[in-house]
Amino acid sequence: MSETIENNTPEIPQQELKEKVINAIKQVYDPEIPVDVYELGLIYEITVYPVNNVYILMTLTSPNCPSAEFIPSEIKDKIQQIQGINHVELELTFDPPYSQDMMSEAAKLELGFL
């Protein structure tokens with residue numbers, strides 16, 4: 001029998017919830033690049049805590065990114081739509097600075113870097 005959290009929502013196993021979080025993040029695209037932000041390497045850390053709380057540490061392709069407000073809020077919104085999510089904290093950092101080396105092989109292939 002699964003445990004329940006304060007709002008009577010069953011606690012989802014952390015690994016299962018992390019996979020759902022990754023899938024939600026993969027729905028968010030940088031408007032200037034036809035690759036999702038996860039494959040671009042913008043997500044530095046995903047931590048799922050007990051009681052279905054999620055922490056995301058991420059960056060943007062540039063500190064002057066025109067989508068600086070749009071992308072983080074869209075990521076947070078997508079994660080909060082997952083059934084059972086209790087709280088989402090998203091932190092934006094530029095340390096280490098983003099580089100194309102952070103992209104997945106799939107992203108590099110899509111963008112013609114391979």
Side-chain angles (χ1 to χ4, degrees):
M1 188 163 154
S2 65
E3 295 180 34
T4 58
I5 56 178
E6 293 171 10
N7 60 4
N8 294 326
T9 303
E11 187 170 346
I12 301 167
Q14 288 181 340
Q15 187 57 40
E16 181 183 331
L17 190 56
K18 186 172 184 175
E19 289 170 19
K20 289 181 179 188
V21 168
I22 290 170
N23 289 332
I25 292 170
K26 285 183 173 187
Q27 296 174 32
V28 179
Y29 286 76
D30 183 313
E32 298 173 350
I33 305 170
V35 176
D36 70 76
V37 296
Y38 186 83
E39 296 296 338
L40 277 176
L42 299 181
I43 306 300
Y44 288 170
E45 179 184 338
I46 299 171
T47 305
V48 177
Y49 295 103
V51 299
N52 304 346
N53 291 333
V54 177
Y55 170 79
I56 305 291
L57 179 64
M58 67 168 293
T59 193
L60 297 170
T61 54
S62 154
N64 302 321
C65 177
S67 302
E69 291 185 27
F70 165 74
I71 292 175
S73 64
E74 187 176 356
I75 289 171
K76 192 171 182 178
D77 289 345
K78 294 282 186 194
I79 295 170
Q80 287 175 323
Q81 291 174 17
I82 299 169
Q83 186 172 5
I85 290 290
N86 193 32
H87 176 75
V88 179
E89 181 181 347
L90 190 140
E91 182 178 348
L92 195 58
T93 185
F94 293 99
D95 184 30
Y98 178 78
S99 76
Q100 293 177 352
D101 295 338
M102 296 173 172
M103 286 187 219
S104 69
E105 296 293 316
K108 290 177 183 176
L109 187 62
E110 177 73 26
L111 296 172
F113 294 139
L114 289 179

Identify each donor-acceptor pair in which a side-chain atom of residues 53-65 lies under 3.5 Å from a protein atom, sequence neighbours left out, and give them as a table.
residue: N53; atom: OD1; partner: N86; partner atom: ND2; Å: 3.2
residue: N53; atom: OD1; partner: H87; partner atom: N; Å: 3.3
residue: Y55; atom: OH; partner: E91; partner atom: OE1; Å: 2.4
residue: T59; atom: OG1; partner: T93; partner atom: O; Å: 2.7
residue: S62; atom: OG; partner: N64; partner atom: N; Å: 3.0

Note to self: Nearest 0.5 Å, please: how far is NZ in K18 from CD1 in I25?
What the structure shows: 9.5 Å

Notebook entry, point to check: Would the number of heavy atoms belonging to other residues, nucleotides or ligands and lying under 6.0 Å from OH of Y98 be above 12?
Noted result: yes

Check: Within a strict 4.5 Å, meaning less than it, do heavy atoms of the E74 and K78 side chains meet?
Finding: yes

Item checked: side chain to side chain contact (heavy atoms under 4.5 Å, CB included) partners for E16, two or more places apart -> I12, P13, K20

Checklist line | Heavy-atom pair with the smallest gap, counting every atom of M102 and Y44 | finding: CE-OH, 3.5 Å

Notebook entry, point to check: Under a 4.5 Å cut-off applied to non-hydrogen side-chain atoms, are L111 and L40 in contact?
Noted result: yes

Margin query: Minimum heavy-atom separation for S67 and P31, please, with both atom names.
Written below: OG-CG, 3.2 Å

Check: To the nearest 0.5 Å, how far apart are CD1 in I79 and CD in E89?
Finding: 11.5 Å

Check: Between Q14 and P50, what is the shortest heavy-atom contact and its length?
Finding: NE2-N, 3.1 Å

Check: Are I85 and L17 close enough that some pair of their side-chain heavy atoms sits under 4.5 Å apart?
Finding: yes

Next item on the list: Among residues two or more places apart or on two chains, list those pairs meeting salt bridge (Lys or Arg N to Asp or Glu O under 4.0 Å) that have a residue in residues 96-114.
Entry: none

Next item on the list: Please name all residues satisfying side chain to side chain contact (heavy atoms under 4.5 Å, CB included) with Y29, sequence neighbours left out, ordered by chain then number.
Entry: D36

Check: Do L42 and I75 come close enough that some side-chain heavy atom pair is under 4.5 Å?
Finding: no

Next item on the list: Kindly write out the residues that satisfy side chain to side chain contact (heavy atoms under 4.5 Å, CB included) with S104, not counting sequence neighbours, or none if the list is empty.
Entry: E39, A106, A107

Item checked: Results of side chain to side chain contact (heavy atoms under 4.5 Å, CB included) for S73 - residues two or more places apart only -> none

